[in-house]
Protein chains: 2
Amino acid sequence: MKPTIKDIAAKTGFSIATVSRVLAEKRGSYSDKTRDRVLQVAKELGYRKNTLAMELVKKKTDVIAVIVNVTPTNFSNGIIDGIQERATALRQQVIILYAGNRNHVLQHQAIITALERSVSGILLMAIEPDEADLRLLTEAKTPFCFVSVNLADEQIKSVSSDNYQAAYQATEYLIAQGHRRIGLAGIDQYHTGSQRRSGYQAALKDNHIQGKAAWIQMGDYSYQAGQAAFKPYRQMAVTGVVAASDMTAAGLQKAAQINGLELPTALSVVSIDGTLICDIATPALTSITQNFTRIGIESVNCLVGENATQLVPVTLTERDSVMKHVE
Amino acid sequence: MKPTIKDIAAKTGFSIATVSRVLAEKRGSYSDKTRDRVLQVAKELGYRKNTLAMELVKKKTDVIAVIVNVTPTNFSNGIIDGIQERATALRQQVIILYAGNRNHVLQHQAIITALERSVSGILLMAIEPDEADLRLLTEAKTPFCFVSVNLADEQIKSVSSDNYQAAYQATEYLIAQGHRRIGLAGIDQYHTGSQRRSGYQAALKDNHIQGKAAWIQMGDYSYQAGQAAFKPYRQMAVTGVVAASDMTAAGLQKAAQINGLELPTALSVVSIDGTLICDIATPALTSITQNFTRIGIESVNCLVGENATQLVPVTLTERDSVMKHVE
DNA sequence: AAAGCTATTGTAAACGTTTACGTTAAGTGC
DNA sequence: GCACTTAACGTAAACGTTTACAATAGCTTT
């Protein structure tokens, strides 16, 4: 059996209280001699503390649960790096729970799991909550924060890029390059997608461009969504496209190639994400670049009550997938 | 305060034992009427079980810890999907602990964390253990299994692709296409890298090709490693390269483009991984494709004692980054 | 020398469950 | 009507910690 503090107490002759105090480094409540003896015996026995028991009695854990929606794109790693970095600095552990992709059952289950483990905070990444999810979260007193999704509800904390601005800037950039028939590809019907659509539409409107419904090709941020959108755009003579993700942009590019065409001559594309994919693609993809690490860091700040930036700014990174358009 | 079974017991008039039995669905030890009443009150109070307390008394958890080394490449998602899939089927939860990249302190710490939580099993993904890590793992009686790393030690369980075969096949393929000056780029000095080097060298030898030391460009499987390797290969007039990862292959490709050259005319490349990166790249990258999902599934099987395939086979996927070479 | 303080340690309760064992009452077979 | 079984429930210990409170001894202060 695994040794416990009882074993150490028995072997040293001290009470379990003293052993516990030494092990927890409660300074000033034990002598140096006692400490040395206890630590020595602990080492001899190969003692390892039982986190479960500790957390049970302390009624708190140092664990942040990250529930992630497996969006078919690749942004999540950067965010998790940021979370990990900030959490480590705050002496918190990070556990990650996968919730499938838009899978309501798994998603709800993951929240329950996190709550049942009495984690210190819950981060919901790219998750679109339903009524039941929100009820569950608000009823528990566990702090939570949505990441990379902005629910547009003052009551509910979230950290994400400014989706409206991201799409607005991308669209304006294409307009500045002379494009007038501009698409938006790969967005979904949820919050993130809607916000990007609003930014896109606002940019069109501000520049007196009458958009068409079909210029918006819905999807799930995936590579496949990009591939599917290419042909419609060609048929509509769209010349520039804002892609909802790097994956979607890459899909558009691939579809162009399959049709013997190339970016940016066949189509100018600016992608929203700015991951390594943009560099790997040929030609490299111009992007509205999200600061994923920052989003991760801020989301942890948000959890622990520090005032965090809820809308992280994005930046334009010019690469080679956009060309000037002349009528 | 969060309601507990005591509260339910008080309100229903039953003892905590009965309440516990109902909640744990210990069939045959309570009447239907009792069950209904308990469940009703539990719902009223918003009861949620305390996993910590449960695990403490049961002395077992249904949690698999995955400790992942953040290798600067992108294979991990597929494996985690597989782990998740199999774990869910076995009613196990999955928590993921990040261990940095070749960071011995973090790595050791992560193992300790997992052990202190008395998880039911530990999966070590792309981790190279040191002496202390192995001692820790073997001394604890918690099952563990290395994933995507084969320690070449019968005693230590692991599930990975057949690295030797992967590199051997990649090399043979290039030879079959007429290449004679063949490089290996991006591997590290650890187990995975060494095994791939052996496969590569064996293929050269079996085909009576005298390799040169400089044909092997070491790295860390990263994009940058690929970029750095391009120039040396050109100078050595190497015509075909086995890339240690998709990222490395993409780096080689990018470096070629920066020099105004293209794959496969400037260099034939076959990549080991076969992720979506291979499709996104232009031209698409021929690869030795790993079955990541399968690796994930088998690693969980390995943990729970089912006899699992320890060496998962790889397959060649021909795309557009290799051309025939004629002297 | 009395009183007070401090450093060190011990006692025991508490955290929220599960479960071995005991008890009761009702049912069954004869 | 008796012995036996069984369904349903309760009692209490256990899991491995932390910590409030108490106790002791030695020291300081006056």
Side-chain angles (χ1 to χ4, degrees), chain A residues 1-39 41-42 45-63 112-113 115-120 140-142, chain B residues 1-39 41-42 45-63 112-113 115-120 140:
Chain A
M1 217 45 253
K2 258 190 178 176
T4 71
I5 54 171
K6 282 183 191 169
D7 299 314
I8 301 180
K11 190 150 183 187
T12 57
F14 293 111
S15 70
I16 59 165
T18 299
V19 174
S20 170
R21 282 188 279 250
V22 170
L23 260 21
E25 300 187 44
K26 290 256 176 290
R27 300 291 166 79
S29 55
Y30 50 81
S31 69
D32 287 0
K33 208 164 43 151
T34 304
R35 168 171 47 78
D36 294 346
R37 180 77 185 119
V38 167
L39 259 28
V41 171
L45 297 178
Y47 171 78
R48 204 156 296 293
K49 80 160 168 253
N50 184 324
T51 308
L52 258 33
M54 195 201 75
E55 292 178 339
L56 176 60
V57 57
K58 281 202 168 181
K59 300 187 105 194
K60 70 181 272 276
T61 61
D62 292 328
V63 176
I112 291 178
T113 299
L115 289 177
E116 287 180 349
R117 293 204 164 269
S118 344
V119 295
S120 64
K141 83 280 168 211
T142 309
Chain B
M1 218 44 254
K2 256 189 178 175
T4 71
I5 54 171
K6 282 183 189 169
D7 300 313
I8 302 181
K11 191 153 181 183
T12 58
F14 292 113
S15 69
I16 59 164
T18 299
V19 174
S20 170
R21 281 188 280 250
V22 170
L23 262 19
E25 300 187 44
K26 291 255 175 292
R27 300 291 167 78
S29 55
Y30 51 81
S31 70
D32 287 1
K33 207 163 43 147
T34 305
R35 167 170 48 76
D36 293 347
R37 179 79 185 118
V38 167
L39 258 28
V41 171
L45 297 178
Y47 171 77
R48 204 156 294 294
K49 80 159 170 252
N50 185 323
T51 308
L52 258 33
M54 195 201 76
E55 292 178 341
L56 176 60
V57 57
K58 281 200 166 181
K59 301 188 102 187
K60 71 181 272 275
T61 62
D62 292 328
V63 176
I112 290 179
T113 298
L115 289 176
E116 287 181 346
R117 294 203 164 270
S118 348
V119 296
S120 65

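Below, chain A is the first sequence line, B the second, and so on; all start at residue 1.
E25(A) and Y30(A) make their closest contact through CA-OH, 3.6 Å (heavy atoms, listed as atom of the first residue, atom of the second, distance). When every heavy atom of D7(A) is checked against every heavy atom of K2(A), the shortest pair comes out as OD2-O, 4.1 Å.
Between M54(A) atom CE and dT17(D) atom P the separation is 10 Å, expressed in whole Å. The interatomic distance linking L56(B) (CG) with dT18(D) (C1') rounds to 13 Å, in whole Å. Put simply, CD on E55(A) is 15 Å from P on dT17(C), counting in whole angstrom units. Look at CD on E116(B): it is 13 Å from C1' on dG16(D), rounded to the nearest Å. Per the geometry, NZ belonging to K33(A) stands 17 Å off P belonging to dA7(C), to the nearest Å. Between the OH atom of Y47(B) and the P atom of dG16(C) there is a distance of 10 Å, given to the nearest Å. The nearest whole Å value for the distance from the NZ atom in K59(A) to the P atom in dC15(C) is 6 Å. Between R35(B) atom CZ and dA7(D) atom P there is a gap of 16 Å when expressed in whole angstrom units.
Here dT19(D) is the nucleotide among dT19(D), dT17(C), dT17(D) with the atom lying nearest to any side-chain atom of K58(A). Listed candidates were dT8(C), dT17(C), dT17(D). Nearest to the side chain of T34(A) is dT8(C). The V57(A) side chain lies nearest to dG16(D) when the options are dC15(D), dG16(D), dC9(D). Between dT19(D), dT8(C), dG16(D), one nucleotide has an atom nearer to the side chain of K26(A) than all others, and that is dT19(D). Nearest to the side-chain atoms of A17(A) among the listed nucleotides dT17(D), dT19(D), dA14(D) stands dT19(D).
Within 4.0 Å (heavy atoms only), S31(B) reaches sugar-phosphate atoms of the nucleic acid but no base atom. L23(A) comes within 4.0 angstrom of no nucleic acid atom, judged by non-hydrogen atoms across all strands.
Each of Y30(A) and I16(A) was matched to the nucleotide of DNA chain C holding its nearest heavy atom; the match closer to the 5' end belongs to Y30(A).
Between the side chain of R21(A) and the base of dG10(C) there is at least one donor-acceptor pair of N/O atoms closer than 3.5 Å.
Close to dG10(D), at under 4.0 Å from its OP1 or OP2, lies a side-chain N or O of T18(B).
Contacts between residues 4-15 of chain A and DNA chain C, defined by a heavy-atom separation under 4.0 Å, are made by G13(A), F14(A), S15(A).
Remark: the backbone N or O of V38(B) is not paired with any side-chain donor or acceptor of T12(B) at under 3.5 angstrom.
At least one side-chain heavy atom of T18(B) sits under 4.5 Å from a side-chain heavy atom of R21(B).
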